[in-house]
Amino acid sequence: MLPAHQNPLRMDLLASVPFRFSHGDWTVNLSWLKRLNYRASIVGPQGSGKTTLLAELAERLDNSLYLNLPHEKQPHAAMLADARAGTQAGKIILVDGIERLSWIQRQGLYFGTAGKAGLVVVVHRKCRLPTWITCRTDEQLLAHVVGQLGLDTPTVQAAALEAFHRSRGNIRDALRLVYDQFANESLPVPSPPLSIS
């Protein structure tokens, strides 16, 4: 078994791959978000980069509050209280996992932040907020991510492509499958590229 710290798809390396816009760059897309008064949604299927985009947005906005709602079925009262306090402090509320809230809780968040600094949410389908970015996956995006990690050998690209199809286009799940192949050594770790002097 390959130790986790040697896996070329370990979490810290994946986190270093920046979100890739299909149109424009950060300057263009932040300008569009500003025109939406920072009230918008990031829409797309699972594993398409929505969470990556929201996390990068949080780093670029000085006055934001990032809330990642847990997957477990549990009351989210504490996080909703944080959102109310953040709104009162003039913060743009960024919510990953708003679909985990009940309908009433979502309505409360929408109305409670109206006219304030802003609300940007991650959703799988369009919601009551205008769409800022629609995230999609395709083979080209997968190849880009794998290439950004320095794993653009034919063997790894083929394994990633097969995993992408097995995962029905979910890039996050595809990379997990390839991670497991590296871990159990059924896929060899590419040698580091030779430096040219």
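In what follows, residues are counted from 1 in the order of the sequence shown.
- With Gln6 contributing its side chain and Pro3 its backbone, the two residues share no donor-acceptor pair below 3.5 Å.
- Residues Arg128 and Arg106 are not in side-chain contact: their nearest non-hydrogen atoms beyond the backbone lie 4.5 Å or more apart.
- Side chain of Asn7 to backbone of Tyr179: a donor-acceptor contact under 3.5 angstrom is found.
- Formation of a donor-acceptor pair under 3.5 Å by the Thr113 side chain with backbone atoms of Tyr110 is found in this model.
- In this structure a side-chain-to-backbone donor-acceptor pair under 3.5 Å is present from Thr87 to Ala83.
- Two residues are said to be in side-chain contact when any heavy atoms from C-beta on lie closer than 4.5 Å; Leu175 and Val146 meet this criterion.
- Between the Asn37 side chain and the Arg39 main chain, no donor and acceptor come within less than 3.5 Å of each other.
- Note: the hydrophobic cluster containing Leu141 does not contain Leu177 (ILVMFWY, side chain heavy atoms under 4.5 Å, direct or indirect links).
- Put simply, the side chain of Lys50 never gets that close to the backbone of Ile42: no donor and acceptor are under 3.5 Å apart.
- Between Trp32 and Ile133, the closest side-chain pair of non-hydrogen atoms is not below 4.5 Å.
- Of the possible donor and acceptor atoms, one in the side chain of Ser41 sits under 3.5 Å from a partner among the backbone N and O of Pro130.
- Panel note: side chain Trp26, backbone Phe21; no donor-acceptor pair is recorded below 3.5 Å.
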Q) So Val43 and His124, side-chain contact (heavy atoms from CB on, under 4.5 Å) or not? Walk me through it. A) CA-CA 5 Å; Val43 182; His124 295 115; over 6 Å; no
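- Applying the salt bridge (Lys or Arg N to Asp or Glu O under 4.0 Å) test to residues at least two apart or on different chains, the pairs with a partner in residues 3-29 are Arg10-Asp12.
- In terms of modelled atom types and a separation under 3.5 Å, the side chain of Gln181 and the main chain of Ala159 share no donor-acceptor contact.
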Q: Test Leu9 against Leu14 for side-chain contact (heavy atoms from CB on, under 4.5 Å), laying out the working first.
A: CA-CA 6 Å; Leu9 288 178; Leu14 284 176; 4.0 Å; yes
